[in-house]
> 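Before I ask anything, here is the structure I am working with.
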Amino acid sequence: MKINGKHYHTIWLKENDPTVFQVIDQRKLPFQFEIYDMKTVEDVFFVIREMVVRGAPLIGVTAAYGMYLALLEFQSGNRKEFLSEKANYLKSSRPTAVNLAFAVDEMLNYILGNIEDSDLHDKALYKAHALKQSEIDFGDKIGESGLKIIEEIYHKKGDTVNILTHCNAGWLACIDWGTATAPIYKAHLKGVPVHVWVDETRPRNQGARLTAYELGEEGVPHTVIPDNTGGHLMQHGMVDMVIVGSDRTTVTGDVANKIGTYLKALAARDNDIPFYAALPSSTIDWEMEDGINEIPIEQRNADEVAKIEGWDGKQIQSVQLIPEKSPVANYGFDVSPARLVTGLITERGVCKADKKSILKLFPEKQK
Ligand code: MRU
């Protein structure tokens, strides 16, 4: 997708230097556009942990390149042990998004399976590139599947389709297209009139800062709303559908996403509004059946809640928001149970949020 009319991905190899990867520093958006270099596995851990990059698919691809950097870093000793240690280290950077473990394991297994090859470095780099490309293709296909749902609503309604989204499940959270935003971009490009209600998404404000930014750059009509506004809009017929992303979806259809998503799912159900989660298969946890009890929920630094960041006209400033002595709880994600989810929009099409329907789309995962 585009920034200032120029096409970008969220991660790429530095021109003429296959040992440096570059990402857009998302901590600075929408105020400053800066590129961040990653040269070591520690750099990769840092960018994921500190949310220089964030969003489940992008976290996965970044970690895949981290495994390639681990391979370059190996000097002597037991290479298998060294790589397994680096894999666990990278996986520990953020617990909720399953794409991270998926991508790291894919890379580790691939590298170990080709460990004796003289061109192993090149092969590992291509493997990471392939994972990146598959996330781009997933976004593209999710967009096509979700577009049909938006078009159906448009044909019934005959007027602008109002879509509510939470957090940033846009191209900035992926590589291109996004997940929740992919159908929106496809509809916009096709001339289907859409308008997006963008939840600000405290505490890090990924909606206000990132989703609003990327929709604006693509010219998609949108309005930023405080997180508590969605229910009111739904009661007044101002929301036609909700589309969110996911950080981990169980094989039974429970959807973990940014904290606050569950409340939108409840409000949508109460108002008979379809609630979709858009996600690639790399976000499905094929081993997990009970999202509420099994998905690890990241707890983040209290400062994210106690302070708020903004632009003072010259620089990004962080100011205290609550009494200095008040304790804070900062759960990063919540789980919307499958019964509240109208459907899952995946790269293989749309299915109900239940095990039978998910496995029908992905029969190779049947045990
Ligand atoms: O904490 P973040 O910013 O990584 O959380 C991101 C989200 O919750 C997204 O909605 C989710 O990863 C889906 S991304 C396509």
Side-chain angles (χ1 to χ4, degrees), residues 1 10-11 23-27 29 47-63 93-103 134-136 138-143 146 164-185 196 198-211 213-214 227 242-249 255-265 275-285 291 295-301 304-305 309 330-336 341 344-347:
M1 308 303 287
T10 45
I11 185 166
V23 291
I24 299 168
D25 188 341
Q26 300 195 20
R27 297 170 304 174
L29 294 176
V47 302
I48 297 174
R49 178 83 212 146
E50 296 305 315
M51 293 170 71
V52 176
V53 300
R54 19 71 48 214
L58 177 56
I59 289 172
V61 172
T62 306
S93 56
R94 291 194 71 188
T96 302
V98 76
N99 307 55
L100 174 59
F102 163 81
S134 68
E135 290 296 347
I136 297 172
F138 289 163
D140 187 17
K141 289 184 181 137
I142 287 169
L164 185 139
T165 193
H166 190 70
C167 194
N168 173 256
W171 75 270
L172 288 167
C174 304
I175 309 296
D176 213 347
W177 291 112
T179 55
T181 57
I184 296 169
Y185 288 132
V196 185
V198 180
D199 279 355
E200 62 181 348
T201 322
R202 273 288 285 160
R204 292 284 289 231
N205 290 321
Q206 290 95 327
R209 292 181 65 162
L210 303 175
T211 306
Y213 174 68
E214 59 164 272
D227 287 328
V242 179
I243 317 182
V244 296
S246 175
D247 294 85
R248 189 185 296 235
T249 293
V255 173
N257 192 50
K258 181 55 58 193
I259 192 83
T261 303
Y262 169 51
L263 295 179
K264 298 301 137 75
F275 177 95
Y276 287 95
L279 52 119
S281 51
S282 52
T283 299
I284 300 175
D285 190 325
I295 296 177
I297 300 294
E298 177 180 15
Q299 290 194 52
R300 298 188 55 87
N301 196 300
E304 292 183 349
V305 177
E309 261 191 3
N330 189 8
Y331 295 92
F333 300 91
D334 61 23
V335 176
S336 302
V341 180
L344 304 176
I345 308 173
T346 77
E347 75 270 18

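Computed from a predicted structure; not experimentally measured. Just so you know, ligand 1 is whichever comes first in the structure, and atom 1 is the first atom listed for that ligand.
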> In ligand 1, which numbered atoms sit nearer than 4.0 Å to a non-hydrogen atom of Gln206?
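Close to Gln206: 1 (O), 2 (P), 3 (O).
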
> If the cut-off is 4.0 Å to any non-hydrogen atom of Arg94, which atoms of ligand 1 fall inside it?
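In order of number, 1 (O), 2 (P), 4 (O).
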
> With nothing but distance in play, are any N or O atoms of Gly55 less than 3.5 Å from an N or O of ligand 1?
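Yes - when backbone and side-chain N and O of Gly55 are compared with those of ligand 1, one distance drops under 3.5 Å.
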
> Is it the side chain (CB and beyond), the backbone, both or neither of Val244 that lies under 4.0 Å from ligand 1, heavy atoms counted?
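Contact part for Val244 vs ligand 1: neither.
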
> Only heavy atoms of Cys174, strictly under 4.0 Å: list the atoms of ligand 1 that pass.
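Counting atoms of ligand 1 from 1, those under 4.0 Å from Cys174 are 15 (C).
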
> What residue and heavy atom of the protein are closest to atom 10 (O) of ligand 1, and at what distance?
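The protein heavy atom lying closest is Asn257 OD1, 2.8 Å.
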
> With a 4.5 Å cut-off on side-chain heavy atoms, are His166 and Asp227 touching?
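Touching, per the 4.5 Å side-chain cut-off.
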
> Ignoring hydrogens and angles, tell me if any N or O in the side chain of Gln26 forms a donor-acceptor pair with the backbone of Met51 under 3.5 Å.
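The answer is no, because no donor-acceptor pair under 3.5 Å joins these two groups.
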
> Has Arg202 got a side-chain atom pairing as donor or acceptor with Val305's backbone, closer than 3.5 angstrom?
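At least one qualifying donor-acceptor pair exists.
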
> Using a 4.0 Å heavy-atom threshold (strictly under), name the region of Ala180 that reaches ligand 1: side chain, backbone, both or neither.
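The answer is neither.
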
> Can you confirm whether the side chains of Asn168 and Arg54 place a donor and an acceptor under 3.5 Å from each other?
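On atom types as modelled, these side chains qualify, holding a pair under 3.5 Å.
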
> Could you go through the side-chain contact (heavy atoms from CB on, under 4.5 Å) check for Ile175 and Leu58 one step at a time?
CA-CA 6 Å; Ile175 309 296; Leu58 177 56; 3.9 Å; yes

> Gln206 and Cys167: which non-hydrogen atoms are nearest, and at how many Å?
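It is CB-SG, 3.8 Å.
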
> With the threshold set at 4.0 Å, does a side-chain nitrogen-carboxylate oxygen contact exist between Arg248 and Asp285?
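Here Arg248 pairs with Asp285 in a salt bridge, since their nearest N and O are under 4.0 Å apart.
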
> Just by distance, no angles: are the side chains of Tyr185 and Glu214 close enough, under 3.5 Å, to form a donor-acceptor pair?
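A donor-acceptor contact under 3.5 Å links the two side chains.
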
> Do any N/O atoms on His166 end up under 3.5 angstrom from N/O atoms on ligand 1?
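N/O-N/O distance under 3.5 Å: no.
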
> Which residue supplies the protein heavy atom nearest to atom 12 (O) of ligand 1, what is that atom called, and how far is it?
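The closest heavy atom on the protein side is Asp247 OD2, 2.7 Å.
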
> Which part of Ala56 is near ligand 1, with near meaning a heavy atom under 4.0 Å away: side chain, backbone, both or neither?
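The answer is both, backbone and side chain.
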
> At a 4.0 Å threshold, what atoms of ligand 1 neighbour a non-hydrogen atom of Pro57?
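Counting from 1, the qualifying ligand atoms are 14 (S), 15 (C).
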
> Work out whether the distance between some heavy atom of Met51 and some atom of ligand 1 is less than 4.0 Å.
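Flag set, Met51 near ligand 1.
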
> Hey, which atoms in ligand 1 end up nearer than 4.0 Å to a heavy atom of Asn168?
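Those qualifying, in numeric order: 9 (C), 10 (O).
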
> When you measure from the side chain of Thr249 to the backbone N and O of Val255, does any donor-acceptor pair fall under 3.5 Å?
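A pair under 3.5 Å: no.
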
> Would you call Gly332 a ligand 1 contact, heavy-atom distance under 4.0 Å?
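False for this residue.
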
> Quick test: of every protein heavy atom, which one is nearest to atom 15 (C) of ligand 1, and how far off is it to 0.1 Å?
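Scanning the protein heavy atoms, the shortest distance from atom 15 (C) of ligand 1 goes to Thr179 OG1, 3.0 Å.
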
> Distance to 0.1 Å, residue and atom name: give those for the protein heavy atom nearest to atom 14 (S) of ligand 1.
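Scanning the protein heavy atoms, the shortest distance from atom 14 (S) of ligand 1 goes to Ala173 CB, 3.6 Å.
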
> So, applying side-chain contact (heavy atoms from CB on, under 4.5 Å) with Thr62, which one of Leu100, Asn99, Ile11 is it?
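Among Leu100, Asn99, Ile11, the one meeting side-chain contact (heavy atoms from CB on, under 4.5 Å) with Thr62 is Ile11.
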
> Report the member of Lys258, Arg204, Gln26 with the shortest heavy-atom distance to atom 2 (P) of ligand 1.
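Of the listed residues, Lys258 has the closest heavy atom.
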
> Taking NZ, NE, NH1 and NH2 as the nitrogens, is one of them in Glu50 or Arg27 under 4.0 Å from a carboxylate oxygen of the other?
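Result for this pair is no, no salt bridge flagged.
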
